[in-house]
Amino acid sequence: MAHNVRKAVFPVAGLGTRLLPASKAIPKEMATVVDRPVIQYAIEEARSAGIEEFIFVTCRGKASIEDHFDVDVALEAELRSKGKDDALEDVASTELPTGSFTCIRQGRPLGLGHAVWCAKALVGNEPFAVVLPDDVFLSDKPVLQQMTEAYDRVGGNMLAVVEVPREKTNKYGILDIGDDDGTIATVKGMVEKPNPADAPSTLSVVGRYILQPEVMTALDDQEPGKGGEIQLTDAIARAIGHQKVVGFRYEGERFDCGDKAGFVMANLAFGLRNKDVGPSLKKMIAQLSR
Ligand code: UTP
């Protein structure tokens, strides 16, 4: 079935200070979780969800991201001539169809809201997904696919949400919710990174969104919010009262690969499930924990 959401925006113009020094010369999105860069998980998830147009909001120094999804004619010819069919298949699986991906630059890292706004003309007047590649999910059904399926029923602006420990509310956008059926919660308000004592709930927004084009319009007169950055949550909050805004509780486990601990945990979790790496990793973990 064709989904109503055809386009996805991948903001990849952040500084990645939490992953320094690893992210000094290599974009954090190109850091490897087991056998592929973090950004590839996001693209694979979006493709499973039926996304047809991929928009990268990028910046100076991040050209390797677009190269990764482009055709490498010389490499393919080399692998073919050597009969390395498995490697050839792996390389081919990274290619996005010609004409399906675009890159636009965010000159200065003014915040996630500003990064998304940079893609305004490319998104046009239709609903779109925003996928933050830092968040890598281990799930039976890809999280964005869970969302597009729910969106086809519910519509509106949809934010992936998860419960977080109260002491961590100051790291996330937190929702104030109304009606809640356990999967979909109506959003009455949103606060960016509230102190635990002030947080209206512990339901936090994570890196997957399906948004209406009006959010782009709200970003037109963007003002810096929390942390001096132009916040996406502030623009979504402006839709509350005019448009439906809902939180979607996804099924799966999230790893924040923009953070050192999350990145290492993702490597372990995905490594343990990988048929090539898993058995020796299990053996090593057993030895280390003796
Ligand atoms: P983060 O909050 O993780 O910021 O951004 P960051 O700069 O990437 O990383 P740290 O905090 O310095 O370690 C969330 C997402 O928004 C993108 C990032 O690339 C990431 O996907 N982003 C953020 C932009 O594209 N532009 C910005 O100005 C800010």
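Order of appearance sets the numbers: ligands from 1, and atoms from 1 within every ligand.
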Partners of E78 by salt bridge (charged side-chain N to carboxylate O under 4.0 Å, His left out), sequence neighbours excluded? K82
Using only atom types and a distance under 3.5 Å, with no angle test, would you say the side chain of Q146 pairs donor to acceptor with the backbone of E251? yes
Report yes if the distance between the aromatic ring centroids of Y41 and F270 is under 6.0 Å, otherwise no. yes
Kindly state whether the ring of F255 and the ring of F263 have centres lying under 6.0 angstrom apart. no
Under a 4.0 Å heavy-atom cut-off, which residues neighbour ligand 1? P11, V12, A13, G14, L15, G16, T17, R18, K28, E29, Q106, P109, L110, G111, L112, A115, P133, D134
For the residue pair F69 and F56, is the inter-centroid distance of their aromatic rings smaller than 6.0 Å? yes
Check whether any side-chain heavy atom of C257 lies under 4.5 Å from a side-chain heavy atom of D135, and answer yes or no. no
